[in-house]
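What follows is a set of notes on a single structure, which appears directly below.
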Amino acid sequence: MIKSGRMNKKWPIFLTFFFLIVTAFASPKKYNVLFIISDDLTSTALSCYGNMVCKTPNIDAISARGTRFTRAYCQATYCGPSRASFMSGYYPHATGLLGYKSPRPRIGNRSTWSQYFKNNGYHSARVSKIYHMGVPGGIEQGGNGADDAASWTERFNSPGPEWKASGKGETLESNPDGKRPVVGGNTFVVVEAEGDDLVHSDGKTAAKACELLAKYAKQEKPFFLGVGFVRPHVPFVAPEKYYPPFLPYSKMKLPRKIEGDWDDIPKPGINYKTSVNMKMDVRRQKKAVGGYYASVSFMDAQVGKVMAALKKTGLEDETIVIFTSDHGYHLGEHDFWAKVSLLDESSQVPLIIKVPGKKPSVCHSLTELLDLYPTVSALCGLPAQSRLQGKDISKMLDDSNSTVRTAAFSVAPMRNGFLLREDEWAYIQYGENGGKGIELYNIKRDPHQYTNLAQNPVHRKTLDRFKSQMASKLQNIRNNDLKGY
Ligand SMILES: [Ca+2]
């Protein structure tokens with residue numbers, strides 16, 4: 001009980017001191033950052049995103065303690081431009097990086113994501129594929145791919161045998177008579193491999209990441225550690241112990257096939273890999289799904305090793321963990337396979353962000369991989385940079401209803417395709433003016449994107465709105481500080 005008015009007058013001074021002390025301790029901490037990225041992973045293959053067949057307990061465990069984003073989109077639907085984009089902080093059409101090159105020549109001395117942390121007192125490292133690396137060729141060779149040396153204090157590659165791993169292999173693609181041997185390249189191949197996890201690139205990546213975490217735990221400096229797994233990118237190669245849940249392959253379920261599904265899709269919207277041009281019958285399609293799932297399970301087990309190592313260091317409460325993929329993947333929807341397409345299965349990505357002390361949640365707000373750089377910078381108390389084209393979504397980690405945009409944007413440079421994805425609509429155009437075809441889907445009524453409404457006069461207004469919105473989005477993207485590059 002406060003007895004006199006005099007005491008009362010001292011309270012504001014006391015409270016000010018108290019406030020100063022609290023804010024000193026509450027100011028953004030120099031969290032460590034553990035960034036884990038899978039390659040060609042569709043969210044639909046993860047059990048935390050609802051898959052009932054492919055179990056991913058380790059990724060689910062991160063999700064159970066973090067924020068799981070259900071509407072995160074990549075900025076380009078294949079490796080090279082997607083990775084160059086979120087690492088550089090620019091959309092592909094800002095840098096002109098639409099292929100498989102390092103962003104460095106286009107960004108000059110501007111800091112990439114991990115480099116910004118490095119320049120702010122972090123030890124920055126990567127294990128395996130963060131920027132583009134060719135899979136399987138580049139992984140077989142164990143080189144740096146389209147990496148950027150300035151982004152890292154140290155870097156490690158994880159060479160692996162890929163399709164050459166010994167075991168039971170089959171080439172599913174363009175092999176109707178079964179005479180084609182197991183091959184390399186961007187080809188659908190399944191190998192039930194002999195030996196343990198450490199035979200393979202991702203096994204080695206996990207082991208190196210675990211070793212580095214133990215080492216960094218003894219250092220003064222905070223760390224930014226990028227861990228890149230190459231599965232489930234083709235070839236679908238995993239130790240045989242990961243296959244039993246998906247055997248026999250004949251029990252795998254394929255997505256519903258709709259009569260005349262392709263009739264309303266413009267030519268560039270028919271994906272570059274289909275059941276037809278890959279000459280995959282139903283048996284091969286089911287094996288492709290099972291082989292993909294086995295690769296996902298294998299990758300998930302490696303994530304588990306890294307997370308266990310983080311726990312062992314005692315740094316879990318000081319470390320932000322991010323799990324994502326460079327883009328999504330088709331597993332037979334519309335008889336499409338693999339990436340490039342701008343439909344949800346290919347353009348949407350799994351994204352989980354776990355920040356110590358924040359409550360677990362599920363966030364349906366539209367986000368982009370481009371948001372990672374500014375968001376994680378903000379969470380770690382690094383100064384904001386107005387040149388970055390992504391947005392700080394850190395508010396969504398406290399309030400899952402908060403939003404930063406009404407539309408996510410992605411591109412498929414291989415098809416000159418552009419996507420604007422809103423809550424209710426997906427608008428896709430081919431060519432900068434849509435001259436090569438347009439797709440318009442009402443996601444609320446048609447979540448699997450079966451009915452293209454672009455030719456339907458009822459939706460003329462919506463179509464016109466999207467056309468002009470796309471033009472101004474592209475104009476905004478190109479209006480940046482990189483002019484002259
Ligand atoms: Ca990829």
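Note that the coordinates shown come from a computational prediction; the quantities given were computed from them, not determined experimentally.
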- Note on the structure: Taking every heavy atom of Leu172 against every heavy atom of Arg284, the minimum-distance pair comes out as O-CD, 3.3 Å
- Query: Given Arg256 and Tyr450, is the side-chain contact (heavy atoms from CB on, under 4.5 Å) satisfied, shown in steps?
  - Reply: CA-CA 11 Å; Arg256 192 154 69 101; Tyr450 288 127; 3.6 Å; yes
- Using modelled atom types only, decide if a donor and an acceptor are shared between the side chain of Arg421 and the backbone of Leu342 within a distance under 3.5 Å. no
- When the ring planes of Phe86 and Trp113 are compared, do they come out parallel, tilted or perpendicular, using 30° and 60° as the limits? perpendicular
- Task: Answer yes or no: are there more than 12 heavy-atom neighbours, outside Lys101 itself, under 6.0 Å from its atom NZ?
- Result: no
- Task: Kindly indicate, with the supporting measurements, whether the criterion side-chain contact (heavy atoms from CB on, under 4.5 Å) is fulfilled by Tyr243 and Tyr249.
- Result: CA-CA 9 Å; Tyr243 284 84; Tyr249 295 117; 3.2 Å; yes
- Message: Using modelled atom types and a 3.5 Å cut-off, is there a donor and acceptor pairing between side-chain atoms of Ser346 and backbone atoms of Ser341?
- Response: yes
- Message: Could you check whether any side-chain N or O of Gln429 sits under 3.5 Å from a backbone N or O of Glu432, counting only pairs where one atom can act as donor and the other as acceptor?
- Response: yes
- Message: Using modelled atom types and a 3.5 Å cut-off, is there a donor and acceptor pairing between side-chain atoms of Asn175 and backbone atoms of Arg180?
- Response: yes
- Point-to-point distance, once rounded to the nearest 0.5 Å, from CZ of Arg405 to CG of Leu370: 7.5 Å
- Task: Measure the CD1-CD1 distance between Ile36 and Ile322 for me, rounded to the nearest 0.5 Å.
- Result: 9.5 Å
- Task: For the pair Thr95 (side chain) and Pro92 (backbone), establish whether a donor and an acceptor sit closer than 3.5 Å, ignoring hydrogens and angles.
- Result: yes
- Centres of the Phe236 and Phe188 rings: under 6.0 Å? yes
- Minimum-distance pair of heavy atoms, taken over all atoms of Phe246 and Cys54: CE2-CA, 4.0 Å
- Item | Pair Phe409-Tyr73, ring pair (Phe, Tyr, Trp, His ring centres under 6.0 Å): steps then yes or no | CA-CA 7 Å; Phe409 176 81; Tyr73 285 80; over 10 Å; no
- Task: Please determine which of Val227, Val376, Leu372, Leu225 meets the side-chain contact (heavy atoms from CB on, under 4.5 Å) test together with Phe35.
- Result: Leu372
- Decide, yes or no, whether a salt bridge links Asp326 with Lys339 under the criterion of side-chain N to carboxylate O below 4.0 Å. no
- To the nearest 0.5 Å, how far apart are CG in Asp335 and NZ in Lys257? 3.5 Å
- Single hit among Ile265, Val340, Asn277 for side-chain contact (heavy atoms from CB on, under 4.5 Å) with Asn271: Val340
- Task: Mark yes when over 12 heavy atoms from residues, nucleotides or ligands other than Lys312 sit less than 6.0 Å from its NZ; otherwise mark no.
- Result: no
- Item | Aromatic plane relationship, Trp152 with Tyr131 - under 30° parallel, 30 to 60° tilted, over 60° perpendicular | perpendicular
- Message: How close do Asp39 and Lys129 get, counting heavy atoms only, and between which atoms?
- Response: OD2-NZ, 2.6 Å
- Task: Kindly check if the number of other-residue, nucleotide or ligand heavy atoms within 6.0 Å of CZ (Arg460) is above 12?
- Result: no
- Message: Distance to the ring centre below 6.0 angstrom and angle to the axis at most 45 degrees; does that hold for Arg415 and Tyr272?
- Response: no
- Verify whether one side chain among Asp300 and Tyr242 offers a donor that lies under 3.5 Å from an acceptor in the other. no
- Message: For the backbone of Asn157 and the side chain of Lys204, can you confirm whether one donor and one acceptor N or O come within less than 3.5 Å of each other?
- Response: no
- Contact check, side chains of Glu424 and Asn442, non-hydrogen atoms, under 4.5 Å: yes
- Message: Which heavy atom of Thr187 sits nearest to which heavy atom of Glu173, and what is that distance?
- Response: CA-OE1, 3.4 Å
- Message: Could you check whether atom CG of Asn433 has more than 12 heavy atoms from other residues, nucleotides or ligands sitting under 6.0 Å from it?
- Response: no
- Donor-acceptor side-chain pairing of Thr112 and Ser151 below 3.5 angstrom: yes
- Message: Evaluate Glu439 against Tyr430 for side-chain hydrogen bond (donor to acceptor under 3.5 Å, both in side chains), listing each step before the verdict.
- Response: CA-CA 9 Å; Glu439 293 172 69; Tyr430 302 94; 2.5 Å; yes
- Between the side chain of Ser38 and the main-chain N/O of Arg231, is any donor-acceptor distance below 3.5 Å? yes
- Salt bridge between Asp464 and Lys461, side-chain N to carboxylate O under 4.0 Å? no
- Just wondering, more than 12 heavy atoms not from Lys251 lying within 6.0 Å of its NZ? yes
- Message: Does this structure show an ion pair linking Lys55 with Asp60, if we count only N-O contacts that are shorter than 4.0 Å?
- Response: no
- Query: Do you know the tightest heavy-atom contact between Asn186 and Lys273?
  - Reply: O-NZ, 2.8 Å
- Mark yes or no for whether Thr171, through its side chain, and Val189, through its backbone, hold a donor-acceptor pair below 3.5 Å. no
- Is a side-chain N or O of Thr375 found less than 3.5 angstrom from the main chain of Ile393, in a donor-acceptor match? yes
- Message: Below 30° counts as parallel, above 60° as perpendicular, anything between as tilted: where do the rings of His334 and Phe336 land?
- Response: tilted
- Message: Run Leu343 and Glu333 through side-chain contact (heavy atoms from CB on, under 4.5 Å) and show every step you take.
- Response: CA-CA 10 Å; Leu343 299 180; Glu333 304 85 8; over 6 Å; no
- Do Thr70 and His364 have side-chain atoms, one donor and one acceptor, less than 3.5 Å apart? yes
- Message: Angle between ring planes, His459 versus Trp425, binned at 30° and 60°: parallel, tilted or perpendicular?
- Response: perpendicular
- Could you walk me through whether Asn58 and Met307 pass the side-chain contact (heavy atoms from CB on, under 4.5 Å) check? CA-CA 8 Å; Asn58 297 292; Met307 291 305 290; over 6 Å; no
- Going by an N to O cut-off under 4.0 Å, is there a salt bridge joining Glu422 and Arg71? no
- Task: Decide yes or no for Asp423 and Ile443: does some side-chain heavy atom of the first lie under 4.5 Å from some side-chain heavy atom of the second?
- Result: no
- Spacing of Ser102 atom OG and Leu97 atom CG [to the nearest 0.5 Å]: 7.5 Å
- Is it true that a side-chain atom of Arg83 and a backbone atom of Ala146 form a donor plus acceptor pair closer than 3.5 Å? no
- Query: Is there a donor-acceptor contact under 3.5 Å linking the side chains of Glu345 and Thr44?
  - Reply: no
- Message: Nearest 0.5 Å, please: how far is CZ in Phe466 from CD1 in Ile428?
- Response: 10.5 Å
- Query: Is it the case that Asp264 and Gln455 place a side-chain donor and acceptor less than 3.5 Å from each other?
  - Reply: no
- Item | From CZ (Phe69) to OG (Ser63), nearest 0.5 Å | 11.0 Å
- Message: Looking at every non-hydrogen atom in both residues, tell me the closest pair between Phe229 and Thr205 and how far apart they are.
- Response: CE2-CG2, 3.8 Å
- Given Ile62, Thr367, Val321, Leu397, the one that forms side-chain contact (heavy atoms from CB on, under 4.5 Å) with Ile353: Leu397
- Query: With Tyr91, which of Glu368, Gln389, Arg478 fulfils side chain to side chain donor-acceptor pair (under 3.5 Å)?
  - Reply: Glu368
- Using a distance-only test with no angle check, is there a side-chain donor-acceptor pair under 3.5 angstrom linking Tyr293 and Asn51? yes
